[in-house]
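Okay, structure first, notes after.
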Amino acid sequence: MKVAVVGTGYVGLVTGTCFAETGNTVTCIDIDEKKVESLNNGKITIYEPGLEALFERNIKQGRLHFTTNLKEGIEGAKVIFLALPTPPGEDGSADLKYILKVAEDLGPILKDYAVIVDKSTVPVGTAEKVTAKIKENAKVDFDVVSNPEFLREGVAVEDFMKPDRVVVGTKSEKAKKIMDTLYAPLVRQGNPVIYMDEKSAELTKYAANSFLATKITFMNEIANMCELLGADVDAVRKGVGTDSRIGKRFLFAGIGYGGSCFPKDVQALAKSAQDVNYEFDILKSVMNVNDKQKTKLIPQIKNYFSGDLSGKTIALWGLSFKPYTDDIREAPALYNIDELVKLGAKVRAYDPEAMENVEGVIGDKITYCNDQYHALEGADALLIATEWPVFRTPDFDRVHSLLNNKVIFDGRNLYSPNEMGELGFAYYSIGRTIING
């Protein structure tokens with residue numbers, strides 16, 4: 001099948017590459033000429049484990065193409081995915097200007113029936129708006145379908161190729177048959193393709209991400225209670241997570257969630273509720289708690305240094321919002337950098353993938369290091385913001401020898417407090433006993 005994907009960001013590039021891998025001929029379209037040139041030259045523009053091998057194979061075998069020309073890109077396509085940015089506006093609502101502009105441009109250049117698929121995370125009612133925009137100038141029949149993505153950065157290829165479920169919002173039998181054919185290779189093991197109306201599909205994505213954000217935030221609230229009551233959040237997590245009604249995932253305490261999805265989607269769902277005069281109080285609490293949680297360790301760092309961080313150097317391990325990605329959108333590390341710098345501290349940081357992106361945003365505000373041990377040189381304390389595997393089993397003797405003070409502030413609970421005590425470290429984590437060293 002001929003497939004077009006408009007947008008070569010994270011969702012668009014994964015979508016296009018993975019559909020090419022299942023034998024389709026895919027053209028990805030983007031207005032960014034430099035990005036398209038890089039992609040056509042075989043240079044992938046995002047970091048995602050496992051994607052580069054598929055990307056290179058499908059370019060080599062002639063199934064994956066890139067262009068800046070929308071008319072050329074959709075030529076002969078039965079399915080056209082819209083994988084465009086939906087950034088939050090000033091009021092928290094998702095900004096649809098990119099999607100609606102492409103919808104407007106599609107109308108006069110559609111030559112045959114096609115299924116137009118909203119792949120971006122969009123508010124309820126977007127399919128209707130896209131349909132209306134295309135209809136203004138369309139001379140052929142078409143259907144607009146909602147098909148939200150459920151990709152986790154770091155394992156997006158596996159999520160796409162072996163989805164838990166595929167959600168499709170459409171009332172059209174013709175569109176349903178085409179989507180069945182497209183997704184058939186990905187659901188051979190029996191994972192469901194769930195059909196529903198467009199509005200329900202649009203709401204499903206927001207509901208799923210908001211629920212997971214709520215689950216994370218609830219556990220962070222429990223962690224904060226643990227610190228006050230003398231309980232251990234890891235023990236509570238195990239006791240709660242083995243309840244089959246709750247499950248083990250998204251229960252790890254830490255310094256909050258970030259990324260491109262949870263913050264934006266929770267905010268957008270809260271705004272959608274407000275638009276229909278419904279006060280979604282739990283989401284307001286989730287946003288409020290998460291904002292505070294990101295810099296939860298800063299007061300402890302200040303207290304350790306008797307309230308004065310002027311001239312102190314903090315080593316920071318991790319910049320991306322989660323491991324296995326270079327995505328720094330809403331990353332807790334950035335909030336901690338801002339606070340530390342405001343307090344007069346210097347920051348020496350290391351991240352396996354995200355340093356270039358951070359430098360592009362904040363420049364030389366911090367020092368970027370070659371590895372995690374280089375970051376420790378001359379530092380007065382270590383702060384951990386991302387749970388990259390390389391940080392899980394460090395050489396603690398080397399850590400001790402490089403740090404001016406034997407103290408670790410762990411925002412991801414990577415180490416055992418008891419072990420840190422035995423090693424003689426002062427150790428501060430989330431929802432667990434403080435080890436004074």
ask   = Considering residues at least two apart in sequence or located in another chain, which fulfil the ring pair (Phe, Tyr, Trp, His ring centres under 6.0 Å) criterion with Y47?
value = none
request  = State the CD1-NZ distance between I59 and K43, to the nearest 0.5 angstrom.
outcome  = 13.0 Å
ask   = With T313, which residues qualify under side chain to side chain contact (heavy atoms under 4.5 Å, CB included), at least two apart?
value = K346, R348, A379, D380
key: Pair Q274-F280, side chain to side chain contact (heavy atoms under 4.5 Å, CB included): steps then yes or no   = CA-CA 8 Å; Q274 187 180 355; F280 212 140; over 6 Å; no
message = Between N24 and V3 (side chain of the first, backbone of the second, donor and acceptor by atom type, cut-off under 3.5 Å), is there such a pair?
response = no
Quick one: side chains of residues 245-257, donor-acceptor pairs under 3.5 Å with protein atoms, not counting sequence neighbours, listed by atom name and distance.
residue: R245; atom: NE; partner: D243; partner atom: OD1; Å: 3.0
residue: R245; atom: NE; partner: D243; partner atom: OD2; Å: 3.4
residue: R245; atom: NH2; partner: D243; partner atom: OD2; Å: 2.7

request  = Could you tell me whether the side chain of K322 and the main chain of E153 form a donor-acceptor pair under 3.5 Å?
outcome  = yes
ask   = Is a donor on one side and an acceptor on the other found under 3.5 Å between the side chain of N290 and the backbone of V286?
value = no
query = Is there a donor-acceptor contact under 3.5 Å from the side chain of T386 to the main chain of S320?
reply = yes
query = So do V102 and L82 actually touch side chain to side chain, heavy atoms under 4.5 Å?
reply = yes
query = Are side-chain N/O atoms of S416 and N418 paired as donor and acceptor at under 3.5 Å?
reply = no
task = Check whether any side-chain heavy atom of V167 lies under 4.5 Å from a side-chain heavy atom of F150, and answer yes or no.
result = yes
query = Looking at residues at least two apart in the chain, or sitting in another chain, which of them share a side chain to side chain contact (heavy atoms under 4.5 Å, CB included) with A4?
reply = I29, I74, A77, I80
query = Can any side-chain N or O of T15 pair as donor or acceptor with the backbone N or O of G12 at less than 3.5 Å?
reply = no
task = State which residues pass side chain to side chain contact (heavy atoms under 4.5 Å, CB included) with A156; sequence neighbours excluded, sorted by chain then number.
result = Y10, V14, E48, L151
query = What do the steps show when you test N413 against V233 for side chain to side chain contact (heavy atoms under 4.5 Å, CB included), and what is the final call?
reply = CA-CA 10 Å; N413 288 3; V233 73; 4.0 Å; yes
key: Residue pair A354 / I328: nearest heavy atoms and the distance that separates them   = CB-CG2, 3.7 Å
task = Only counting residues at least two apart or in another chain, list the ones meeting salt bridge (Lys or Arg N to Asp or Glu O under 4.0 Å) with D105.
result = K101
ask   = Is it true that a side-chain atom of T22 and a backbone atom of F19 form a donor plus acceptor pair closer than 3.5 Å?
value = yes
task = Run the numbers on L316 and I314 for side chain to side chain contact (heavy atoms under 4.5 Å, CB included), then give the verdict.
result = CA-CA 6 Å; L316 177 61; I314 307 299; 5.5 Å; no
Pairing residues for K292 by the salt bridge (Lys or Arg N to Asp or Glu O under 4.0 Å) criterion, not counting sequence neighbours = none
message = Between Y373 and Y350 (judged by ring centroids, cut-off 6.0 Å), do the two rings come close enough to count as a pair?
response = no
request  = Kindly compute the distance separating CG (L414) from CZ (R392), expressed to the nearest 0.5 Å.
outcome  = 5.5 Å
query = Which heavy atom in R188 sits nearest to a heavy atom in P185, and how many Å separate them?
reply = CG-O, 3.8 Å
task = Heavy atoms only: give me the nearest M355-C369 pair and the separation to one decimal.
result = CE-O, 3.2 Å
query = Under the salt bridge (charged side-chain N to carboxylate O under 4.0 Å, His left out) rule, what pairs show up with a residue in residues 351-372, not counting sequence neighbours?
reply = D338-K365
request  = State, yes or no, whether a side-chain contact exists between K342 and E339 at a heavy-atom distance under 4.5 Å.
outcome  = yes
inquiry  = Is the shortest side-chain heavy-atom distance between V358 and Y368 below 4.5 Å?
reply    = yes
Residue pair Y183 / N191, side-chain donor-acceptor N/O under 3.5 Å = no
ask   = Which value, rounded to the nearest 0.5 Å, describes the distance between Q61 atom CD and T25 atom OG1?
value = 11.5 Å
remark   = The complete set of salt bridge (charged side-chain N to carboxylate O under 4.0 Å, His left out) pairs with one or both residues in residues 410-425, sequence neighbours excluded, reads E387-R412
inquiry  = Ignoring hydrogens, what is the shortest heavy-atom contact between A315 and L376? Give both atom names and the distance.
reply    = CB-CD2, 3.8 Å
task = Taking all heavy atoms of A213 and all of V266, pick out the closest pair and write down the distance.
result = CB-CG2, 3.7 Å
key: Atom NZ of K406 with >12 non-hydrogen neighbours under 6.0 angstrom   = yes
ask   = Going by the salt bridge (charged side-chain N to carboxylate O under 4.0 Å, His left out) test, which pairs reach into residues 202-221, not counting sequence neighbours?
value = E149-K205
message = Treating N336 as the side-chain partner and K294 as the backbone partner, does any N or O pair qualify as donor plus acceptor under 3.5 Å?
response = yes
query = Rounded to the nearest 0.5 Å, how far apart are CD1 of I298 and CG of L309?
reply = 7.5 Å
request  = Could you tell me whether a side-chain N or O of D327 sits under 3.5 Å from a main-chain N or O of G259, the two making a donor and an acceptor?
outcome  = no
inquiry  = Once rounded to the nearest 0.5 Å, what's the spacing between atom CG of L84 and atom CG of D118?
reply    = 9.5 Å
request  = With the side chain counted from C-beta on, respond yes when D30 and F66 share a heavy-atom pair under 4.5 Å apart, and no when they do not.
outcome  = no
note = Quick note, ring-ring contact (aromatic ring centres under 6.0 Å, His included) partners involving residues 413-437, not counting sequence neighbours, are F396-Y415, F396-F425, F409-Y428
task = Kindly indicate whether the side chain of L186, heavy atoms from C-beta on, has any atom under 4.5 Å from the side chain of M161.
result = yes
inquiry  = Does Q300, at its CD atom, have more than 12 non-hydrogen atoms belonging to other residues, nucleotides or ligands within less than 6.0 Å?
reply    = yes
ask   = Looking at side-chain heavy atoms only, is the closest gap between P123 and L96 below 4.5 Å?
value = yes
ask   = Looking at side-chain heavy atoms only, is the closest gap between N40 and E37 below 4.5 Å?
value = no
query = Has the side chain of S210 got a donor or acceptor atom that lies under 3.5 Å from a matching backbone atom of Y206?
reply = yes
message = Quick check on Y324: does its OH atom have over 12 non-hydrogen neighbours (other residues, nucleotides or ligands) under 6.0 Å away?
response = no
request  = Considering non-hydrogen atoms only, spot the tightest contact between F391 and P352 and give its length.
outcome  = CZ-CD, 4.3 Å
message = T8 vs D32, test: side chain to side chain contact (heavy atoms under 4.5 Å, CB included). Steps then yes/no.
response = CA-CA 9 Å; T8 60; D32 187 330; over 6 Å; no
inquiry  = Check this for me: L212, atom CG, are more than 12 non-hydrogen atoms of other residues, nucleotides or ligands nearer than 6.0 Å?
reply    = yes
message = Could you measure the distance from the CD1 atom of I366 to the CG atom of L319? Nearest 0.5 Å is fine.
response = 5.5 Å
query = Can you pull the salt bridge (charged side-chain N to carboxylate O under 4.0 Å, His left out) pairs that have at least one residue in residues 254-276, sequence neighbours excluded?
reply = D91-K271, K271-D275
